[in-house]
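Reading through the structure tokens given below for one structure.
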There are 2 protein chains.
Amino acid sequence: MKKTAKSIVLVDDDHDILEFLTYNLRQADYKVYTATNGEDAIALVNKIEPSLVLMDIMMPGIDGIEALRLIRASRINEQPLIVLLTARSEEYSQIAGFDAGADDFITKPIRPRLLLAKIEALLRRKAVRNNNEIQTEFNDVKINREKFTVTFNGNEIQIPKKEFELLELFFSRPGKVFKRQQILSLLWGDDTIVGERTVDVHIRKLRERFGDKMIHTVKGVGYSIT
Amino acid sequence: MKKTAKSIVLVDDDHDILEFLTYNLRQADYKVYTATNGEDAIALVNKIEPSLVLMDIMMPGIDGIEALRLIRASRINEQPLIVLLTARSEEYSQIAGFDAGADDFITKPIRPRLLLAKIEALLRRKAVRNNNEIQTEFNDVKINREKFTVTFNGNEIQIPKKEFELLELFFSRPGKVFKRQQILSLLWGDDTIVGERTVDVHIRKLRERFGDKMIHTVKGVGYSIT
DNA sequence: GCTTGTTTTAACATTACCTTAACTTTCTGT
DNA sequence: ACAGAAAGTTAAGGTAATGTTAAAACAAGC
């Protein structure tokens, strides 16, 4: 059975690269649209509303990072994934790119297999995360995804990975009650075999850190933050 | 949360003023080094490579303007900002100062708040102007991109390329946790096949040089500087 | 080709984290 | 109020991730 083809907008001022990528992506069953400069790219993205934008950083006129900012600013819903193409030497433009909201990078020269693998991984992750634009602040607690830290009462602290992920999950839908099985499935994956009560222990740790009142128990069901 | 401390070299032959300024600047979280004459100032600037030099114009021996010229002449890369202190009456010397390459002036008597405001504005402008928002200084460690050297506790040393790049990457976003895979992708490129644990070894080397506390491990995720 | 310095790999040691399991407390339905 | 179930709590042990070291592979300069 055939899956719905995802659309990709491709932006590069180099026609050879455009052609090369278009060919490879079409082979992989994506619908490909192309632009050769930042201005056209923005217009095209707004028209097509693609799942993903693959864009060169170096372009005449509006460059990739600027275009990225404009796309992020203009479209409020359904942000496309944006992957930037950089030359190997431009390492530090990647930093700027991350700041501007790029989802990933591919360095030239481009390996088609790697490119496709990255794209598929990104699309899959996006499907999982879907609508949950994850909140970063709740009550007195604020999480910083980049630094992997949590600020509580003005102190910035490090917490173990599982605790962080659990907190992140709760933050993503404040008030929602997560069943233990759901939590395990989301954070541990469906294939791992871990006892449900493990969740309780992590909950305990979080309550130890941030007080008992933040995480609420719904007996017979699961946990939520309130 | 801790900001990166910028260094300031302070030059004045009046000990009261030195003390007064040192106190105020330290309050504002700058690292302050002092000299009481032009000769020492030049040596100190070359050793510390500060972000900013705050220097009196009127000094015995080499005066402020002469010292300024010598600093500008000696240091080819990474010119520090230079702010001159003048008595209100010496307005004419400001002309000479600008000619010699001063970035700003502060007239005595000094208002600490005004001084700090000016300094911060200058540093910010400098960061923007250089277009490299990339930090060069963190804790006691400072990197010199042109010379490929690192200054630590006042000693300028050479470190291997990979270590330097790694440090540079961390400096570019203090606090951010870089995953091993990200680091490999950024510094080695997507096409090279190098084991993730290679990163650990380079981290080890850096910690050996600069102490264990600078680079922080986030288990299951990656490394950051703090 | 040798020498020197750097990078990578690989092996072993250490540690922080995760999980389990056992015991205690609280809740819920009867 | 009671029994049973669910959740709280704690501590110990296992495990995967990282620390650490040394040596092999590699590169640069002489």
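Letters A, B, ... mirror the listed sequences (proteins, then strands); counts begin at 1.
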Carboxylate-amine/guanidinium proximity below 4.0 Å for [X] and [Y]:
{"X": "A:Glu156", "Y": "A:Lys142", "value": "no"}
{"X": "A:Asp29", "Y": "A:Lys6", "value": "no"}
{"X": "B:Arg69", "Y": "B:Glu66", "value": "yes"}

Take atom CD of A:Glu19 as the centre, draw a 6.0 Å sphere, and report whether it contains more than 12 heavy atoms from other residues, nucleotides or ligands. no

Counting only side-chain N and O atoms of [X], is one of them less than 4.0 Å from OP1 or OP2 of [N]?
{"X": "A:Arg204", "N": "D:dT9", "answer": "yes"}
{"X": "A:Trp188", "N": "C:dC18", "answer": "no"}
{"X": "A:His202", "N": "C:dC17", "answer": "no"}
{"X": "A:Arg197", "N": "C:dT20", "answer": "no"}

Which part of the nucleic acid, if any, lies within contact of [X], taking any heavy atom under 4.0 Å across all strands shown: a base, the sugar-phosphate backbone alone, or nothing?
{"X": "B:Lys219", "value": "base"}
{"X": "B:Val199", "value": "nothing"}
{"X": "B:Thr217", "value": "sugar-phosphate"}
{"X": "B:Tyr223", "value": "sugar-phosphate"}

Using heavy-atom distances to pick each residue's nearest nucleotide on DNA chain C, tell me which of A:Glu163 and B:Val194 is more 5'. B:Val194

Rounded distance in Å - [atom1] ([X]) to [atom2] ([N]):
{"X": "B:Glu208", "N": "D:dG19", "atom1": "CD", "atom2": "C1'", "result": "11 Å"}
{"X": "A:Ile203", "N": "C:dT20", "atom1": "CD1", "atom2": "P", "result": "16 Å"}
{"X": "B:Glu196", "N": "C:dT7", "atom1": "CD", "atom2": "P", "result": "19 Å"}
{"X": "A:Glu165", "N": "C:dC18", "atom1": "CD", "atom2": "C1'", "result": "12 Å"}
{"X": "B:Ile193", "N": "C:dT7", "atom1": "CD1", "atom2": "P", "result": "17 Å"}
{"X": "B:Phe148", "N": "C:dT6", "atom1": "CZ", "atom2": "P", "result": "13 Å"}
{"X": "A:Asp200", "N": "D:dT9", "atom1": "CG", "atom2": "C1'", "result": "10 Å"}
{"X": "A:Lys205", "N": "D:dG8", "atom1": "NZ", "atom2": "C1'", "result": "14 Å"}

Please, which pairs that meet ring-ring contact (aromatic ring centres under 6.0 Å, His included) have at least one residue in residues 193-220 of chain A, sequence neighbours excluded? A:Phe152-A:Phe210, A:Trp188-A:His202

More 5' along DNA chain D: B:Arg180 or A:Asp212, using each one's nearest nucleotide?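 Its nucleotide being nearer the 5' end, the pick is A:Asp212.
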
How sharply is the helix from C:dG1-D:dC30 to C:dT30-D:dA1 bent, taking the axes over five pairs at either end and rounding to 10 degrees?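 Answer for the end axes of this duplex: 40°.
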
Worked verdict on B:Arg173 versus A:Lys147 for side chain to side chain contact (heavy atoms under 4.5 Å, CB included): CA-CA 10 Å; B:Arg173 310 215 88 225; A:Lys147 296 166 80 179; over 6 Å; no

Ring centre gap for A:Tyr223 and A:Phe170 strictly below 6.0 Å: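 Here the rings of A:Phe170 and A:Tyr223 have centres that are no less than 6.0 Å from each other.
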
Going by the side-chain contact (heavy atoms from CB on, under 4.5 Å) test, name the single residue among B:Val11, B:Asp40, B:Val9, B:Ile82 that passes it with B:Val45. B:Val9

